[in-house]
Amino acid sequence: MLLPVALLLLGALTAVVAPRLLALADWPEREPVVALWAWQCVVAGVLMCCALSMTLSAAAAWQAVRGHVFAPAPHDVVDAYALGAGGSWAPATAVALALGGVWTAAMLTREIARARARRRKGRTELRLRAPLLPGEEPGADRLVVLEGERPDAWWLPGAAPQLVVTTAALRRLKGRQLDAVLAHEQGHAQARHDWLLHCSGALATGFPQVPVFAAFRDEMHRLVELAADDVASRRFGRLTIALALVELNEDRGVFGPCPTPQAHVPQRVHRLLSARPRLTAGRRLRLTAAAALVPVVPLLVTFVPGLRALG
């Protein structure tokens, strides 16, 4: 039975080719939301190949699994998959892929637990630095101002999300720049970008030797910022959010010659100021549909023997 091997090869091909195509394309920076969708479809396609290969390998290895997977199928369909010719590699493949799935779930659970711990710690520190006044309820204000010498602004997700801004940021942000920063952070919250970062971080941490997962994590961090920038720029203009980014990061050395952890900020500012036009609606639709086909292809490959038998 060669179908599980074919699915693994298809997953490997997708993991190698798709990130390179996305890296060579010039449209992801112009349409970060479409690029986010494309990356999710690529990773979903890779995971789909692994899951289907595991299912078919387990069906070839153990009669009990085969009975559940092919219970409603006619005998001709079962014979078309040649499950009895799995050989000794089928159990090993099924177990290895199942362990990979369990490890992925464990890494995602750990990532979510760490994020919740960081969130609780951040809210505890916020209550210490900005204690509630008598009669004030926790989470009643969506905007919290902290005394601070460094200009900064960040979003605290949760049941009662809040935007935290330091007094130094208030002194620097002029006019509608503060509103643009608020719109940027609200864009993160509304699109649930934190979940994308959790999933990509879990895959990259759990499988550090798999380049596609590392690229997925890096691109998620970059693209969610570009998407939130676009949310703010559509409401307040590109120049406003670009100036706000400069004011918040000017003292951190991100615009100097030496690389910093915030090295992506100058690229974001340049992108906003260059104001490249968006793709047409038709091209966005075609790219979205093409990306959606990536996780569908493994399903089609899996069903081909059964459909041939029925045909």
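In this chain, residues are counted from 1 in sequence order. Remember, it's a predicted structure, so these values are computed and weren't measured experimentally.
Residues Val164 and Trp155 form no side-chain contact, since every pair of their non-hydrogen atoms from C-beta on lies 4.5 Å or further apart. Annotation: side chain of Arg30 is in contact with side chain of Pro277 (closest heavy-atom distance under 4.5 Å). At least one side-chain heavy atom of Leu22 sits less than 4.5 Å from a side-chain heavy atom of Trp27. Counting only heavy atoms from C-beta outward, the side chains of Leu245 and Arg268 approach each other to under 4.5 Å. Taking 4.5 Å as the limit, some side-chain heavy atom of Val301 sits within range of a side-chain heavy atom of Leu7.
Under the 4.5 Å side-chain heavy-atom criterion for Ile, Leu, Val, Met, Phe, Trp and Tyr, Leu47 and Phe216 are members of the same hydrophobic cluster. In terms of hydrophobic clustering, with Ile, Leu, Val, Met, Phe, Trp and Tyr side chains grouped at heavy-atom distances under 4.5 Å, Phe207 and Met220 are assigned to a common cluster. With hydrophobic clusters built from ILVMFWY side chains whose heavy atoms lie under 4.5 angstrom apart, Leu52 shares a cluster with Phe303. A continuous path of hydrophobic side-chain contacts links Val34 to Val224 [ILVMFWY only; heavy atoms under 4.5 Å]. Placement of Val231 and Phe236 in two distinct hydrophobic clusters is found when ILVMFWY residues are connected by side-chain heavy-atom separations under 4.5 Å, directly or transitively.
Atom CG of Leu243 is separated from atom CZ of Arg176 by 12.0 Å, given to the nearest 0.5 angstrom. Note that OG1 of Thr240 is 11.0 Å distant from CG of Leu173, once rounded to the nearest 0.5 Å. Note: Asp26 CG to Leu279 CG = 8.0 Å, rounded to the nearest 0.5 Å. Leu272 contributes atom CG, which lies 5.0 Å from atom CG of Asp229 (distance to the nearest 0.5 angstrom). In this structure, CE on Met107 lies 7.5 Å from OG1 on Thr205, to the nearest 0.5 angstrom. The OG atom of Ser274 lies 11.5 Å from the CD atom of Gln267; values are rounded to the nearest 0.5 Å.
Applying the ring pair (Phe, Tyr, Trp, His ring centres under 6.0 Å) definition to pairs two or more places apart or across chains, those involving residues 169-193 are His184-His188, His188-His193.
Under the rule for a side chain to side chain donor-acceptor pair (under 3.5 Å), Arg116 has no partner lying at least two apart in sequence or in another chain.
In this structure, Glu185 contributes its side chain and Leu182 its backbone to no donor-acceptor pair below 3.5 Å. Judged by distance alone, the side chain of Thr14 and the main-chain N or O of Val46 form no donor-acceptor pair under 3.5 Å. For Ser53 (side chain) and Cys50 (main-chain N/O), no donor-acceptor pair under 3.5 Å exists by modelled atom type.
Closest approach of Ala35 to Leu223, counting heavy atoms only: CB-CD1, 3.7 Å. Residues Pro19 and Val212 share a closest heavy-atom pair of CG-CG2, 3.7 Å.
Ion pairing of Asp230 with Arg271 is present here, as a side-chain N (NZ or NE/NH1/NH2) and a carboxylate O approach within less than 4.0 Å. Using a 4.0 Å cut-off between charged nitrogen and carboxylate oxygen, Arg283 and Glu31 do not count as a salt-bridge pair.
Arg235 CZ: 12 or fewer foreign heavy atoms inside a 6.0 Å radius. Enclosure of atom CH2 in Trp37 is not indicated, since only 12 or fewer non-hydrogen atoms of other residues, nucleotides or ligands lie within 6.0 angstrom. Sparse packing is recorded around CH2 of Trp103, with 12 or fewer heavy atoms of other residues, nucleotides or ligands lying under 6.0 Å away.
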| Does the side chain to side chain contact (heavy atoms under 4.5 Å, CB included) test come out yes or no for Arg172 and Leu248, once each step is laid out? | CA-CA 8 Å; Arg172 280 182 172 269; Leu248 289 176; over 6 Å; no
| Checking side chain to side chain contact (heavy atoms under 4.5 Å, CB included) for the pair Leu196/Gln40: CA distance, chi angles, key distance, verdict? | CA-CA 9 Å; Leu196 282 177; Gln40 292 175 74; 3.4 Å; yes
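Each of Arg217, Arg222, His221 was compared with Glu219 under the side-chain contact (heavy atoms from CB on, under 4.5 Å) criterion, and only Arg222 meets it.
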